[in-house]
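Encoded as structure tokens, the structure appears first; notes follow it.
Remember, it's 1-based here, ligands and their atoms both numbered in the order they're listed.
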Amino acid sequence: MTAARTGSRGRGAAALSGVAATVFGVGVAELAAGLFGWASPVLAVGALGIDLAPPWAKNTAIAWFGTGDKPALVIGVALVLLGIGALAGLLEVRRPPLGSLIFAAEGVLALAAALTRAGASPFDAIPPILAVGGSLLALRMLLARRPSAEHDPLAASVDPGASRRTFLAFSLGAIAIGAVGAAVGGMRQQATRAVQAAREALRLPTATAPAPSIPTGADLGIDGLAPYVTPNADFYRIDTALVVPDVDPGDWRLEVDGLVDEPFSLDWDELTALPFAEQVTTIACVSNEVGGDLIGNAVWLGVPVRLLLERAGVQGDADMVLSQSIDGFTASTPLSALTDPERAAILAVGMNGEPLPAEHGFPVRMIVPGLYGYVSATKWLTRLHVTRFADATAYWTDRGWSAEGPVKLSSRIDVPRSGASVDAGEVVVAGVAWHPHTGISGVEVRVDGGAWQAAELADVVSEDTWRQWRWRWSADSGDHELEVRATGADGERQSAQSLPPAPDGATGLHRIRVDVR
Ligand SMILES: Nc1nc2c(c(=O)[nH]1)N[C@H]1C(S)=C(S)[C@@H](COP(=O)(O)O)O[C@H]1N2
Ligand SMILES: [Mo]
């Protein structure tokens, strides 16, 4: 074997290592971007390229590729990346760590492209970092397995054919993983974009009943106090979905089956032809600690679940509806809570005047006043299965939580923040109290374990929402403890006994410390 032949084979292996490392890193990054909804580094770099390109280049591209200019751009970026990858592989062998530095520089460029897009989020930094990390790792691994490591004293004892086959297998493996990742990631990105476009183009059904007008006295407008209606962007999110499901309303169907006379299914158009109404409902998570923020209040646009159950004809021995999500999550809701005409249990499609955000269950979810989310608020809803508590169990029930979950009476101090320092004199203490579907009739505050003092209550739309409260405190200097307790509209007093969230919701009083100067 001549030195020249070994040398060219060595260069070939180095270049292949660089190409395979590029495909691997970019593929992993595109997969992550697709699964988690982060910016695609390839598209971000392509978009930056478009922004920076001189007009003549843009016009030429459009003239050449027409409406295919986007795929052409992606292919162009991919070819440039592969070329740079080959070069990086060669340089990493000749002048280490020059190849690694090239990968790092590409990563910095992708990072800049991703983070300067309109509406970029800090998470968009993750795919470029994954791309660089994945490429560097793969490059190191492949170069170490290169067959032409003449300087390796062990090389002589190794069968060169076998080591070449191992190297090729690793290179092709890295390329295959990267290519599959990029393909799956790209398809996911397209599906997500399609659903986002469908959501933006969606026309919500008009409410047949007028929307409740929210009295101005419902919101005390105090800085730091949770607003009466929680904006969608601030609404707590709890679910088991690692990846937010993409459900296109055009493909959506709901099955209503189980212990019913006439099982049926309906699509988006049939659902939205039903009578819709807006209502204000507070929902809460059973995992909320005392004083926690896993609770929110929104204006929901929905259709009564009762109408669908009536149409199906529920049989006499049923006592539960197992609602199911497209991702397999299930919730068990007492049938009585869904059929009661006095309780506004709905299938919601709108949240605060918009279609449901994807992470809050687009296009359809259930909302039931008075029940914790894990037994009622199924997002990405696809099925209502009428059954019996004795015959079926839901996702969280199987994991030790109670089969039934009425929201417990509770209250929270939002202002001042726990641990805050305030000036002596009049201090506004404020917060929220809730017992959804029962309502709140009183809130009291006490300082350092003294006498309970009645707080002032804000207005509410109905007993289905939380209620803001305020108390004016003449604070004298020192370190003080504030506590709050609520009374339900049925006269029940909030329990002072400290219990953890499991298995059916925390109890106890919210207590904060304040330093008065
Ligand atoms: N598909 C699905 N729906 C779900 C859940 C889930 O994990 N998957 N979690 C439930 C729980 S525990 C709560 S508290 C509420 C939270 O709703 P939000 O994320 O819109 O605030 O959704 C409920 N619906
Ligand atoms: Mo929850």
Before accepting this row, confirm whether a basic side-chain N of the pair [X]/[Y] lies closer than 4.0 Å to the acidic partner's carboxylate O.
X: Asp257; Y: Arg383; answer: yes
X: Asp340; Y: Arg306; answer: no
X: Arg446; Y: Glu481; answer: no

Problem set entry | Thr393 versus Asp398, side-chain donor and acceptor atoms under 3.5 Å | yes
Exercise. Thr282 side chain to Asn297 main-chain N or O, any donor-acceptor pair under 3.5 Å?
Worked result: no
Exercise. Under a 4.0 Å heavy-atom cut-off, which residues neighbour ligand 1?
Worked result: Phe235, Tyr236, Arg237, Ile238, Asp239, Thr240, Ile283, Cys285, Ser325, Asp327, Phe329, His360, Arg365, Gly373, Tyr374, Ala377, Thr378, Lys379, Trp380
For this session: Using the six-membered ring of Tyr395, assess whether NZ or CZ of Arg399 lies under 6.0 Å from its centre and within 45 degrees of the ring axis.
Result: yes
